[in-house]
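Dropping a structure here in structure tokens format, bear with me for questions.
So that the names make sense, note that chain A is the first sequence line, chain B the second, and so on, each numbered from 1. Worth knowing before you read on, the calculation uses all heavy atoms, side chains too, and leaves out hydrogens, waters and symmetry mates.
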There are 2 protein chains.
Amino acid sequence: MSFDRKQQILEAATKSFSLFGYKATTMEQVAKLSNVGKGTIYTFFKNKEELFDEIIRSLIAEMKAAADEAIDPSLSFYENVHRGLYKILEFRLKHQLTIKLFQEEKEMGTPAVMEVIGQLEDAILNYLKDKVSLAIEKGVIRECDPELTAFVMLKVYIALIFDWEQHHEPLEKEKIAMLFEQYIMKGLSL
Amino acid sequence: MSFDRKQQILEAATKSFSLFGYKATTMEQVAKLSNVGKGTIYTFFKNKEELFDEIIRSLIAEMKAAADEAIDPSLSFYENVHRGLYKILEFRLKHQLTIKLFQEEKEMGTPAVMEVIGQLEDAILNYLKDKVSLAIEKGVIRECDPELTAFVMLKVYIALIFDWEQHHEPLEKEKIAMLFEQYIMKGLSL
DNA sequence: AAATTGACCGGAAATCTCATTCGGTCATAA
DNA sequence: TTATGACCGAATGAGATTTCCGGTCAATTT
């Protein structure tokens, strides 16, 4: 029973955060949307930020699941990195909550939102780092610092998928995969 | 004679922009510093922004010169890219004017400053692009889109030199050169 | 007595008002 | 013809005032 109510609150809060962002959703509103008194929320969550964090935690879990699903062990390492990262970044563009959050970070810089986006990036980086470590162990790629490598890979990927679009025509998915392979895997030397 | 005065104004303005930033330097102040009536400035420059632009143009020229100086034709392509980019980014950290400008962009977002920083980045990108084109012609590196390649190179470089420092120990210059070679030139595949 | 609620509190943020600043002009002076 | 600085109005900022909202807790319900 109290389990139901917590779920209700989480769903209402998710909906509201997705629709209005973090700052613009009030606890009163969440209470109304979940048919609960405002005080009740505070029996399940210490404060607004913890409620937010719990929502983000499940968002991250969802993203991880989506990435895992995109991976196919019969394909090459680089192709799987591509598929995983593409799924994650696609997720970011398709889900209300992430869209709203990135928007809020850019145009308001809400501290709680910035922190949460940091967590999200850390999660991606960690995910990637594990994949890189595994690839080194298996002898699929050259020996290197997995953390730094994951960091560079993500930067290159974001550069190709988002940053390039700021001043140029967007690149197609296939092209991005090709470029990623060329720059990161094969290298430019002959 | 009028040449002298224009120079005086440019020097005074450069000093003031370096010291106080774009927004906080007033035309009155530039006039005082250059021993000239305020109106006189407007006989040489259409407005504050054009005065600023002219200063930035010479800043860019200086950076280009510094980069050229760092380049040694007897060294490899990647090593020269490293030396050139390092010089440019070092320049950015050592010169009052650029320091102040990047600070002003970050914490105030002054439009004129943002635009000028865009110009600066374009100049770097173009400089790099030319080097890449040349390297392709000479057959030193694999065939590729020079603009996109310059873009990715710069992203990786900035990632290694600035972004990594946000959450980790800074990398040494030598290490950066090595990593740059590993990631961009040699690639990760075996 | 355990759980739920919403009126209430205080500080943060938004809004409004009014004073100041500064980019740019132009009549006057050199 | 060239140089100047007093002057203009728009934009900015400081200060005062109001509104808003996260979080608490005494009262109420179960």
Check: Over how many whole Å does the gap from A:Gln29 atom CD to D:dG22 atom C1' extend?
Finding: 14 Å
Check: Taking the six-membered ring for Trp, are A:His82 and A:Tyr157 parallel (under 30°), tilted (30 to 60°) or perpendicular (over 60°)?
Finding: tilted
Next item on the list: Check every atom of C:dG23, D:dA3, C:dA7 against the side chain of B:Thr40 and return the nucleotide holding the closest atom.
Entry: D:dA3
Checklist line | Whole-Å distance separating the CG atom of A:Leu51 from the C1' atom of D:dC21 | finding: 15 Å
Notebook entry, point to check: Quick one: bend of the helix from C:dA1-D:dT30 to C:dA30-D:dT1 from 5 pairs per end, to 10°?
Noted result: 10°
Check: Does the ring of B:Tyr127 carry B:Lys131 above it, NZ/CZ under 6.0 angstrom from centre and within 45° of its axis?
Finding: yes
Next item on the list: Could you tell me whether A:Gln103 atom CD has more than 12 heavy atoms of other residues or ligands within 6.0 Å of it?
Entry: yes
Checklist line | Reported CD-to-CG distance for the pair B:Glu172 and B:Leu179, which is rounded to 0.5 angstrom | finding: 10.5 Å
Check: Over how many whole Å does the gap from B:Phe44 atom CZ to D:dA3 atom C1' extend?
Finding: 10 Å
Margin query: Measuring from atom CD1 of B:Ile9 to atom OG1 of B:Thr14, what distance do you get when rounded to the nearest 0.5 angstrom?
Written below: 11.5 Å
Notebook entry, point to check: With nearest nucleotides of DNA chain C determined for A:Glu28 and A:Thr43 from heavy-atom distances, which residue corresponds to the more 5′ nucleotide?
Noted result: A:Thr43
Checklist line | Rounded interatomic separation in angstrom, taking NZ from B:Lys48 and P from D:dA10 | finding: 19 Å
Next item on the list: Quickly work out the B:Ile9 CD1 to D:dA3 P distance and round it to whole Å.
Entry: 9 Å
Checklist line | N/O (side chain, B:Thr26) to phosphate O (OP1/OP2, C:dC22) under 4.0 Å | finding: no
Item checked: Contact list for DNA chain D against residues 15-25 of chain A - heavy-atom distance below 4.0 Å -> A:Thr25
Item checked: Test salt bridge (Lys or Arg N to Asp or Glu O under 4.0 Å) applied to B:Asp72 and B:Arg83, step by step -> CA-CA 9 Å; B:Asp72 175 349; B:Arg83 295 172 66 123; 5.2 Å; no
Notebook entry, point to check: Between D:dG5 atom C1' and B:Asn35 atom CG, what is the distance in whole Å?
Noted result: 15 Å
Notebook entry, point to check: Which letters describe nucleotides 25-30 of chain D, given B = protein heavy atom under 4.0 Å from base, S = only from sugar-phosphate, - = neither?
Noted result: ------
Check: What integer distance in Å separates A:Phe45:CZ from D:dT24:P?
Finding: 15 Å
Margin query: Please report the interatomic distance CD(A:Gln119) to CG(A:Leu59), rounded to the nearest 0.5 Å.
Written below: 11.0 Å
Notebook entry, point to check: Honestly, is A:Lys48 close enough over A:Tyr22, meaning NZ or CZ under 6.0 Å from the six-membered ring centre and within 45° of the axis?
Noted result: yes
Next item on the list: Using whole Å, report how far NZ of B:Lys32 lies from C1' of C:dC22.
Entry: 12 Å
Margin query: Tell me whether the side-chain N/O atoms of A:Lys38 come closer than 4.0 Å to OP1 or OP2 in C:dT5.
Written below: no
Next item on the list: Return no unless some side-chain N or O of B:Arg5 is found under 4.0 Å from OP1 or OP2 of D:dA3.
Entry: yes
Checklist line | Inter-residue atom distance B:Arg5.CZ - B:Asn35.CG, 0.5 Å rounding | finding: 9.0 Å
